[in-house]
There are 2 protein chains.
Amino acid sequence: MSRSNPRVLSTLERAGGFASAQEVYRLMQREGESIGLTTVYRALQSLVNDKIVDVLRREDGEAIYRLCGEAHHHHLVCKSCGDTVEIEGGAIEKWAKVMAEEHGFREVGHTAEIFGLCGKC
Amino acid sequence: MSRSNPRVLSTLERAGGFASAQEVYRLMQREGESIGLTTVYRALQSLVNDKIVDVLRREDGEAIYRLCGEAHHHHLVCKSCGDTVEIEGGAIEKWAKVMAEEHGFREVGHTAEIFGLCGKC
DNA sequence: GCAGAAATGAAAATGATTTTCATTCCCATA
DNA sequence: TATGGGAATGAAAATCATTTTCATTTCTGC
Ligand SMILES: [Zn+2]
Ligand SMILES: [Zn+2]
Ligand SMILES: [Zn+2]
Ligand SMILES: [Zn+2]
């Protein structure tokens with residue numbers, strides 16, 4: 001069932017841990033690897049399911065895949081160049097917990113991302 | 001230069017202040033308004049330029065346009081039945097601001113969602 | 001070896017968004 | 001009022017990421 005193609009993962013790493021499906025595909029082509037675009041999409045999807053990478057959106061809507069460490073953290077992403085800083089959740093962790101309890105929710109998780117323009121853009 | 005078509009703006013308001021270009025277009029059609037899809041896209045783009053609406057992305061990448069001034073809020077969503085509660089950002093708003101400043105980001109926005117199982121599930 | 005399952009990828013389909021371009025509308029000026 | 005040019009409009013075509021289809025290949029257990 002796991003279609004987490006290791007060549008795709010390795011390419012994503014080599015790309016700086018941050019690339020779109022099309023970019024991963026083009027990179028593999030350039031490096032002479034034989035692979036189909038469909039397989040790249042499926043592998044990335046699978047890596048997302050396995051929580052090995054997560055997916056964000058460029059400003060133009062294209063999905064970008066990004067290797068993710070295991071420790072729970074959040075992201076500060078540049079809308080323009082895609083630069084990403086991993087940040088601590090801080091107050092969010094408590095906020096999520098309190099809000100969930102307040103409304104009778106259990107087994108809660110959360111997502112939180114900040115996006116803007118970085119110093120270089 | 002301003003193509004901020006007032007009929008499009010009014011429709012976006014009527015849609016709850018939150019809709020995709022396609023949805024605005026379909027809504028106008030259903031209401032018997034004569035307008036082209038291209039014009040809807042251009043009007044929304046123009047409203048974004050004028051900072052009257054801002055644009056977010058659905059999970060599938062589709063752009064959704066939101067009236068500025070709609071109260072900013074977050075969601076608590078049930079993983080099982082989809083029930084959604086609108087909640088205040090509370091500490092998150094400050095967290096996002098502080099984190100962004102700390103890393104030299106500007107023009108920042110953020111997303112934050114909590115998901116879990118509601119009381120009924 | 002051999003059947004059945006899983007993986008692969010080329011090609012077609014999908015769907016949002018953008019571009020093109022011919023037409024229509026608006027409006028200032030003669 | 002006529003007219004000319006710029007802006008707005010929208011149908012149709014183009015673009016482009018992503019998904020689906022489906023035939024073929026590869027793998028796995030027997
Ligand atoms: Zn940047
Ligand atoms: Zn967190
Ligand atoms: Zn529920
Ligand atoms: Zn907020």
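In what follows, chains are A, B, ... by sequence order, proteins preceding strands, each numbered from 1. Heavy atoms only: backbone and side chains are in, while hydrogens, waters and symmetry mates are out.
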Figure out the [atom1]/[atom2] separation between [X] and [N], and round it to whole Å.
X	N	atom1	atom2	value
Leu44(A)	dT19(D)	CG	P	10 Å
Tyr41(B)	dT18(C)	OH	P	7 Å
Arg7(B)	dA8(D)	CZ	P	14 Å
Arg26(B)	dG15(C)	CZ	C1'	10 Å
Glu62(B)	dT18(D)	CD	P	14 Å
Asp60(B)	dT14(C)	CG	P	17 Å
Arg3(A)	dA5(C)	CZ	C1'	11 Å
Gln45(B)	dA16(C)	CD	P	17 Å

Is there a ring pair (Phe, Tyr, Trp, His ring centres under 6.0 Å) between His74(A) and His110(A) once you walk through the steps? CA-CA 10 Å; His74(A) 297 269; His110(A) 63 266; 5.1 Å; yes
Pairwise side-chain contact, Lys97(B) with Val108(B), heavy-atom cut-off 4.5 Å (strictly under): no
Will you find, in the side chains of [X] and [Y], an N or O donor that is under 3.5 Å from an N or O acceptor?
X	Y	answer
Glu23(A)	Tyr65(A)	no
Ser10(B)	Arg14(B)	yes
Glu113(B)	Thr111(A)	no

Between N or O atoms, less than 3.5 Å apart, protein on one side and nucleotides 11-15 of chain D on the other: list the pairs.
{"unit_1": "dA11(D)", "atom_1": "N6", "unit_2": "Thr38(B)", "atom_2": "OG1", "d": "3.3"}

May I ask you to verify if any side-chain N or O of Thr39(B) is less than 4.0 angstrom from the OP1 or OP2 atom of dG10(D)?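 True: Thr39(B) side-chain N/O within range (under 4.0 Å) of dG10(D) OP1/OP2.
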With a non-hydrogen cut-off below 4.0 angstrom, is Asn5(B) in contact with a base, only sugar-phosphate, or nothing? sugar-phosphate
Whether Trp95(A) side chain and Ile92(B) backbone form a donor-acceptor pair below 3.5 Å: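 Absent.
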